[in-house]
Amino acid sequence: MVQNVVLPEEEISRKAGAIRTLSLLWLGTVAVGEIVIILIWLFNPFFIVLPLTLVDMTALAIGAVSYWLCRSGRVNFAGYFFTVGVVLFGSIVSPLFGGFVGPMAITYVFAILVAGMTINIRASFYIAALSGALYLATIGIESAKLLPSLIKPESEVLVLPSLTVTVRVIFFFMAAFLSWFAASGLHRALQNIRSYAAELQGAYEKLQAGEEELRASNEELQATEEELRVSNEELQATNEELKETQEQLIRSERLAAIGQLAGGVGHELRNPLGAIKNAVYYIRGKLAKDDLAEKEPRVMEFLDIMDDEINASNKIINDLLGFSRVGKPSVLPTPVRRVIEDALARVPIPENVELTKDLGADSTQITVDSGQIQQVLVNVITNAVQAMPEGGKLTISTRERKGFLELGVTDTGSGIADEVRGKVFEPLFTTRAKGIGLGLAVSKSIIDRHGGKIEVKSAANKGTTFTIILPLETPVQEGSVGKQ
Amino acid sequence: MVLKMEGNVTEHQEAVLDVLLEKVYRGSGYDFREYRRGTVARRLERRMLATGIRTYFDYMHFLDSHPEEYERFADYLTIKVSRFFRSTYTFQQMTALVLPELLLGKKRRGEYGLNFWSAGCAHGEEPHSMAIMLADFLGGARFRYDIAVYASDVSYLDLDGLRSGVYPASDVEDLPHSILDKYFVFDGRNYEVRADIRQMVRFFNFDLTSRDGPPLPGMDCIFCCNVLIYFERQLQERVLEKLYRSLAVPGYLVLGEVETPTTALLTKLECLDSKAKIYKKVNANGE
C-alpha cells in the first residue's frame, strides 16, 4: 500500500515554497498598503501616516524575517514564526483600526491560511479558534474602552472607508493568488501521480514481458527435454536391435565356422566309411556262403551292428554336410499335406506312439523348398518320437492364418527343462547321449531362410510343442520358379 | 467463458482462440497461428485485461471496431525483452571462437564484406551490441571492411526511434565503462549509440514466420535469440530452415540460451559451443 507518497524532503520543500510565496505576497501587500497610505497622505495631510507606517513596518519585519528564516533552512520554525507573527499582528492592528467591524480583522484570515499551508491543516484550525477568540476579545476590549483608538473620531469617516476599501481590494487579489497557488500545487501533484503511474505501468509491462519470456523458455526447455527423452528411448531401442543383430552375427559366424569344419571332417570321413561299408558288404557276402555263419551266429550279428553304425555315422555326416550346405531354398508351390506325408514316411513311428493329424488347411499350397522343409519335419518328428520312449501321443497340426502357415508338432514326452529351452536351436547342443546336436540348428537355419520362425513351448513331463510358422509365399525370389 | 490467467486453455477456448488467430491473420497479415499456445493465450488475456474485455468473442468485435488494435495486439504478442550484451558468455565466445576464424577465412578469400543479421531484434539492443562487438574486435581495421548488421523484427511501432539509437540511462547503466564511454554519447538524460556504430545497423520489418524465402542470403552470422521459444515445433523447424538457408558457408548461427536446432538441422550444423549456442554451417549440402 502506498502510504508515504510524499516524502519528508518533499514536504519540507513544499512548505518552504509556500512560506516563500506567502511571505513575498505578504511583503507585496504591505508595500502596496504603504504606497496607498502615502498617496492618501499626499492628498490629505491630516491622514495618520505615521502610526500606519509604523504598523506597516512591523508587518514588513514579520514577512521579511519569515522569508529569511525559510531561506536559511529553518523551514518549520519559519512557518510557526510567520503564523504567530500574523496572528499577533492581526490581534493588535484590528482593535486599533476600527475595532471588530474595522477593516483589519480580515488579517486573521491570512493568518489561518498561513497556518494551513506552512504548518498543517490542524494548525489552521487551532489558529482559526485562536483568531476567533482574539476577535471576540476585541469586542470586550472595545466596549470597555480599554484601548486608545488611533483614529480620531472626526477623521474616522475619512480613514476607515478608504482603509477598508484598500485592504479588501488587496485581499481580493490575495485570494485569487492563493487559489491559483493551491490549484497549481494540486495540478502538479496530480501530474506527478500520473507520471508515477505511467512509469509503474511501464515497469509492470516490462516485468510481464520478462515473465512471459521465462515461461516460454521453460516450456521450450520442457519440450526439448521431452524430445530428448523420446530420442533417447529411440536410441536405446536401436541399440538393443544392434546388439541383437550383433549376437545373431556372432551366432551365424560360429555356425559358419562349425559348418566349414564339420563339412571338411565329414567329407574326409565319408570315403573311409564307404570303404568300411563295402568291406562289410564283401565279408557278409563271403560269410553267407560259409558255414562259419551257422557255427558262429554272432558274427553275422556283429556285421549287422557294424552296418547299422556305419549308416548312423553316415547320417551324422550327412547332417553335418547338410548343415554346412543349407543353401538358398529353391522354392516351388507344394501342397502342405504332401510335405508332411513325405516326412512321416521317412520317420518310423513306433507302435506305442499314437499319431494324430489335424491338418486343418491340408489343401493349402505353400511355396517352399519341399526337401528342406521335409528335413525340418523329420528332425522335429524324430525328436518328438525320441522324447516318448514309453509311448505317448504325437499330434501334427496345420493352421492357416493371415498369409502364414502354422505347423505344430506336439508330443507328450518328457519335455525340455526351462534352463535349456533357450539353447535347443544352438548348434552342438544336445541332451541326448547319441547325436551331435545339429538337427534343430539346421532346422532353424532352414526356416530362417524361408522367412519363417520356429518356436518351442514345453512343460516338464507334459510334453513339447514345436511350432513352425512359414509364409505361404516365401519371399525368396532367387531360384524360385513360383507363380510370378 | 471464464478466463484463466494460467494460460490453461480448455478445448473450447482453444477452438475460439484458433478462430481469433485466423481472424488476426486475415485482418492484418500477422500470423500467430503457430505460436506456442500458452504464450498466445497468456498475452491475449493480459491484453484483454488491459482493454477491459472479458471474452475472446468480445475481443474479436473490438478488433472489428478498432482496426488499430491489430497492431497493438501484434506488438503485445511479440515479446521484446532484451539487453545490451545480454548473454555475456555468448559474446565472449563470439570474439574468442567465431570472429578470428571468420576473419581469417575472409582474408584468405580476399573478401571484405561482413554481413550479420539479428533476427528478432526487439528494441535494437542486440544488433547494436553486435555492431559494438565488431567495432571493438576489429579496432582500426574496421574501416577496411564493409560491415552490415541487419536487424529485423515482426512489428515496430517506431522504426525511426530504433534508428536513432537512443536508450534511457537505466538500459545501459550496467555496461562496463570501457564500452559506455567509447560507443555511447550521454546527453544528460539518455544515452545515444554513436553515429558510426548506428550506421552499421540496418533495421527493417520482416516476419520470420512468413512463408517467403530467406530475405538475406549469404549471412556470415545470424543471431536469433529467444525467438524460437515462442513457436511451436513445426514453426521452429521452418524458421530454422530459413535461417540455415540464409547462412553463407561458413556461416554461424547463434541461438538463445534454451534453444536448440531441430534434430534434422543438427546433422547439418557443427556445434561450436553448446553453452553459448553457437552453430556453424560447414558445407552447402542439403540445400
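Every chain is numbered from 1 and lettered A, B, ... according to where its sequence line falls, protein lines coming before strand lines. Values below: all heavy atoms of this structure, side chains included; hydrogens, waters and symmetry mates excluded.
For the pair E226(A) and R233(B), the salt-bridge criterion is not met [side-chain N within less than 4.0 Å of a carboxylate O]. R42(B) has a carboxylate O that lies under 4.0 Å from a charged side-chain N of E219(A), or vice versa, which qualifies the two as a salt bridge.
Taking both residues in full, the closest heavy atoms of Y230(B) and E212(A) are given as CE2-O, 4.3 Å, listed atom of the first, atom of the second, then distance. What you find for T260(B) and T224(A) is that their closest heavy atoms are OG1-CG2, 3.7 Å. Among all heavy-atom pairs drawn from I79(B) and A209(A), the shortest one is CG2-O, 3.5 Å.
Summarising the local packing, CD of Q234(B) is surrounded by 12 or fewer heavy atoms from other residues, nucleotides or ligands at distances under 6.0 Å. The environment of OH in Y25(B) is sparse: at most 12 heavy-atom neighbours from other residues, nucleotides or ligands sit within 6.0 Å. Atom OH of Y70(B) sits in a crowded spot, with more than 12 heavy atoms from other residues, nucleotides or ligands closer than 6.0 Å. Annotation for K23(B): atom NZ counts as buried by contact number, over 12 foreign heavy atoms lying within 6.0 Å. Residue F173(A) qualifies as open at atom CZ: its count of foreign heavy atoms under 6.0 Å is 12 or below. Other residues, nucleotides and ligands contribute at most 12 non-hydrogen atoms within 6.0 Å of the CD atom of E225(A). The number of heavy-atom neighbours closer than 6.0 Å to CZ of R83(B), taken from other residues, nucleotides and ligands shown, is 12 or below.
Comparing K206(A), Q201(A), Q208(A) by how many heavy-atom pairs each has under 4.5 Å with chain B, the most go to Q208(A).
Side-chain contact between I229(B) and E213(A) is present, with at least one heavy-atom pair separated by less than 4.5 Å. Residues E205(A) and R46(B) form no side-chain contact, since every pair of their non-hydrogen atoms from C-beta on lies 4.5 Å or further apart. Looking at R36(B) and E220(A), their side chains come closer than 4.5 Å, going by heavy atoms from C-beta outward.
With a 4.5 Å cut-off on non-hydrogen atoms, E257(B) does not touch chain A at all.
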